[in-house]
S.K.: 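Can you read through this structure? Questions will come right after.
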Amino acid sequence: MTAPVIGVLALQGDVREHTAALAAAGAHARPIRRPTELETVDGLIIPGGESTTISKLTDLFELREPIDKRIADGMPVYGSCAGMIMLASEVLDGRADQRGFAGIEMTVRRNAFGRQVASFEAPVNLDGIDGGPLHALFIRAPWVEHVGRGVEVLGTVTEGPAAGRIVAVRQENLLATAFHPELTGDRRLHAYFADLVRAAI
Ligand code: GLN
């Protein structure tokens, strides 16, 4: 099986962790900072970090239009945490000037889990991923408040005060999680995304 080439948007955030997770999942990973680099990849990951900063740097590095265009052309994209926010069609509690990509029809609330429980861990079962729940790590994470008709809910929080909240979704080739699989050593989600990219080549 050929290894897909997957870029990690390398403007800000946990780029190295995603790159390592992709390599462990059998993909060729490369950091992306320029439009010419974007042209060389079959899929893209938008890492966790700070969505307002990623939004600003996307414009500065002249990547907005090229990424929007690749998404419109069907390139698979996976966003974790801040990356989920960047893929949402609507953001609540965002900054007025932050802008995402032409992405998933969903409303996400930024920093939704609140200050008291700004970071927590919880098991999350994901549709399409075998082997039991993922140990999901949430860090000032968003949750999904509403999804459009074309969006598949892949996972919700199963226990604790946030039980029932949607934290993983997919709309065709776009995948987003509120949590950070790149930080836990569980490579199943990256392998799932690598399969999605392979199928789209
Ligand atoms: N709160 C951050 C944001 O608004 C996301 C946090 C994260 O990616 N861990 O972008």
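Because the structure is predicted, anything quoted here is derived from the model rather than measured. For ligands, and for the atoms within them, numbers begin at 1 and follow the listed sequence. Counting from 1, the numbers follow the sequence of the chain as shown.
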S.K.: For atom 1 (N) of ligand 1, what's the nearest protein heavy-atom neighbour? Residue, atom name and distance, please.
M.R.: N111 OD1, 2.6 Å

S.K.: Check this for me: does any side-chain nitrogen of one of R110 and E50 sit under 4.0 Å from a carboxylate oxygen of the other?
M.R.: yes

S.K.: Which is it for T58 and L11 under the side-chain contact (heavy atoms from CB on, under 4.5 Å) test, yes or no, and what are the steps along the way?
M.R.: CA-CA 7 Å; T58 295; L11 305 177; 3.6 Å; yes

S.K.: What I want to know is whether S80 and ligand 1 share at least one N or O pair that is separated by under 3.5 angstrom.
M.R.: no

S.K.: Looking only at non-hydrogen atoms, which of G49, G48, P142, A141 approaches atom 5 (C) of ligand 1 most closely?
M.R.: G49

S.K.: Which of the atoms of ligand 1 are close to R110, meaning less than 4.0 Å from one of its heavy atoms?
M.R.: 3 (C), 4 (O)

S.K.: Below 3.5 Å, N or O to N or O, backbone or side chain included: is there any such pair between I85 and ligand 1?
M.R.: no

S.K.: State whether the shortest distance between N or O atoms of C81 and N or O atoms of ligand 1 falls below 3.5 angstrom.
M.R.: no

S.K.: Near R140, which atoms of ligand 1 are under 4.0 Å from a heavy atom of that residue?
M.R.: 1 (N), 2 (C), 5 (C), 6 (C)

S.K.: Can we say D73 and R70 salt-bridge, meaning some charged N sits less than 4.0 Å from an Asp/Glu carboxylate O?
M.R.: no

S.K.: Main chain of G103, side chain of S89: is a donor-acceptor contact present, judged purely on distance under 3.5 Å?
M.R.: no

S.K.: Hey, is ligand 1 close enough to T52 that some N/O pair sits below 3.5 Å?
M.R.: no

S.K.: Would you check if the side chain of R149 reaches a backbone N or O of E105 as a donor-acceptor pair within less than 3.5 Å?
M.R.: no

S.K.: Okay, side chain of E90, backbone of V108: is any donor-acceptor separation there less than 3.5 Å?
M.R.: no

S.K.: Out of all atoms in ligand 1, which are within 4.0 Å of some heavy atom of S51? Include the element for each.
M.R.: 3 (C), 4 (O), 10 (O)

S.K.: Between R16 and E182, is there a salt bridge with N-O shorter than 4.0 Å?
M.R.: no

